[in-house]
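Hydrogens, waters and symmetry mates play no part in the numbers below; they use all other heavy atoms, side chains included. First listed ligand is number 1; within each ligand, the first listed atom is number 1.
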Amino acid sequence: MSQLLYEGKAKKMFATDDPNVIRVAYKNDATAFNGKKKARFDGKGKLNNAICTMIFQVLKGKNLPTHFIEKISETEQLVKAVDIVPIEVVVRNIVAGSLAKRLGLDEGSSLGRTIIEFYYKSDALGDPMINDDHALAMQLATKEELAEIRRQAASVNEVLKDLFDEAGILLVDFKLEFGKLKSTGEIVLADEISPDTCRLWDKKTHEKLDKDVFRRDIADLPETYEKLLSRLEAVK
Ligand code: UDP
């Protein structure tokens with residue numbers, strides 16, 4: 001059995017024979033509200049692995065650097081080993097979630113421009129929002145690394161907006177994490193991009209195709225993720 005390196009809310013990370021390669025196993029668990037709401041759904045790990053694999057392959061096709069190597073089973077991927085930059089990067093195209101609440105804006109209204117936000121990755125503190133000055137003062141990243149993270153986040157947004165648009169879906173907002181490759185120190189996109197970490201709405205009906213169906217008890221999670229996967233497969 002390979003060594004378990006880390007167990008998160010939705011994934012487990014295992015060592016492999018190669019110190020620069022990690023095996024990721026997607027779990028069937030869903031959590032919301034910083035782990036306060038929990039459930040397990042048969043098939044969720046398989047669906048998120050499939051959706052995330054497809055998204056990382058599209059990004060790779062556009063020459064965007066990611067940690068992704070390959071999907072090796074229904075629920076597992078191999079990825080490059082990174083040191084995670086402890087910043088959650090949220091990209092927003094349409095008002096929703098915490099932005100609507102914090103600034104009193106109507107959910108669903110469009111933003112005049114894309115917003116990129118940084119949050120300090122800390123479960124104990126509930127991931128507080130920070131700006132570049134906080135990140136620099138706390139030495140979470142250098143000025144150059146922050147610039148590179150912003151650049152890559154904006155590029156990922158452009159590629160994914162187009163991908164989802166082709167599937168008749170609005171990319172409302174999403175969360176990214178970046179890491180520094182253990183091998184070279186290069187900044188690459190890491191973690192996952194899945195309906196757990198994005199808000200995705202049907203373009204015409206605004207039907208939710210993401211984890212909000214679980215957060216807000218709107219619809220069945222596996223059925224929703226299955227619907228999303230087949231819509232993406234139809235345009236691939
Ligand atoms: N998000 C995430 N993990 C987090 C926080 C947010 O994946 O720990 C995603 C979330 O799914 C949404 C986007 O980031 O797509 C923006 O989330 P928001 O700040 O609105 O917070 P939420 O409403 O999820 O509490």
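- Proximity of Val90 to ligand 1, defined as any heavy-atom pair under 4.0 Å, is confined to the side chain (atoms from C-beta onward).
- Salt-bridge annotation for Glu233 and Arg231: absent, with no side-chain N of the basic residue lying under 4.0 Å from a carboxylate O of the acidic one.
- Looking at atom 18 (P) of ligand 1, its nearest protein heavy atom turns out to be Ser98 OG, 3.3 Å.
- No side-chain donor-acceptor contact under 3.5 Å links Glu74 and Asn49.
- Atom NZ of residue Lys60 and atom OG1 of residue Thr53 lie 11.0 Å apart, to the nearest 0.5 angstrom.
- Heavy-atom contacts of Lys175 reach the following atoms of ligand 1: 1 (N), 2 (C), 3 (N), 7 (O), 9 (C), 14 (O) (cutoff under 4.0 Å).
- For Phe214 and Phe41, the gap between ring centers is short of 6.0 Å.
- Of all the heavy atoms of Lys211, none lies under 4.0 Å from any atom of ligand 1, so neither backbone nor side chain is involved.
- A donor-acceptor contact closer than 3.5 angstrom is absent between the side chains of Tyr225 and Asp210.
- Here the protein heavy atom with the shortest distance to atom 10 (C) of ligand 1 is Arg215 NH2, 3.6 Å.
- The closest approach between any non-hydrogen atom of Arg92 and ligand 1 is below 4.0 Å.
- Residue Asp196 touches ligand 1 through its backbone alone, judged by heavy-atom distances below 4.0 Å.
- Between Asp173 and Arg199, at least one side-chain nitrogen of the basic residue sits less than 4.0 Å from a carboxylate oxygen of the acidic one, meeting the salt-bridge criterion.
- There is no protein heavy atom closer than 4.0 angstrom to atom 25 (O) of ligand 1.
- Under 4.0 angstrom from ligand 1, there are no non-hydrogen atoms of Glu117.
- Ligand-side atoms of ligand 1 in range of Asp173: 12 (C), 13 (C), 15 (O), 16 (C), range being under 4.0 angstrom from any heavy atom.
- Atoms of ligand 1 found under 4.0 Å from any heavy atom of Glu88, numbered from 1 in the order shown, are 4 (C), 8 (O).
- The ring of Phe56 has its center closer than 6.0 angstrom to the ring center of His67.
- Atoms of ligand 1 lying under 4.0 Å from at least one heavy atom of Asp127, given by number and element, are 8 (O).
- Nearest protein heavy-atom neighbour of atom 22 (P) of ligand 1: Arg199 NH2, 3.6 Å.
- In terms of the side-chain hydrogen bond (donor to acceptor under 3.5 Å, both in side chains) criterion, residue partners of Tyr119 (sequence neighbours excluded) are, by chain and number, Glu117.
- Checked against side-chain hydrogen bond (donor to acceptor under 3.5 Å, both in side chains), Glu7 has the following partners two or more places apart in sequence or in another chain: Lys27.
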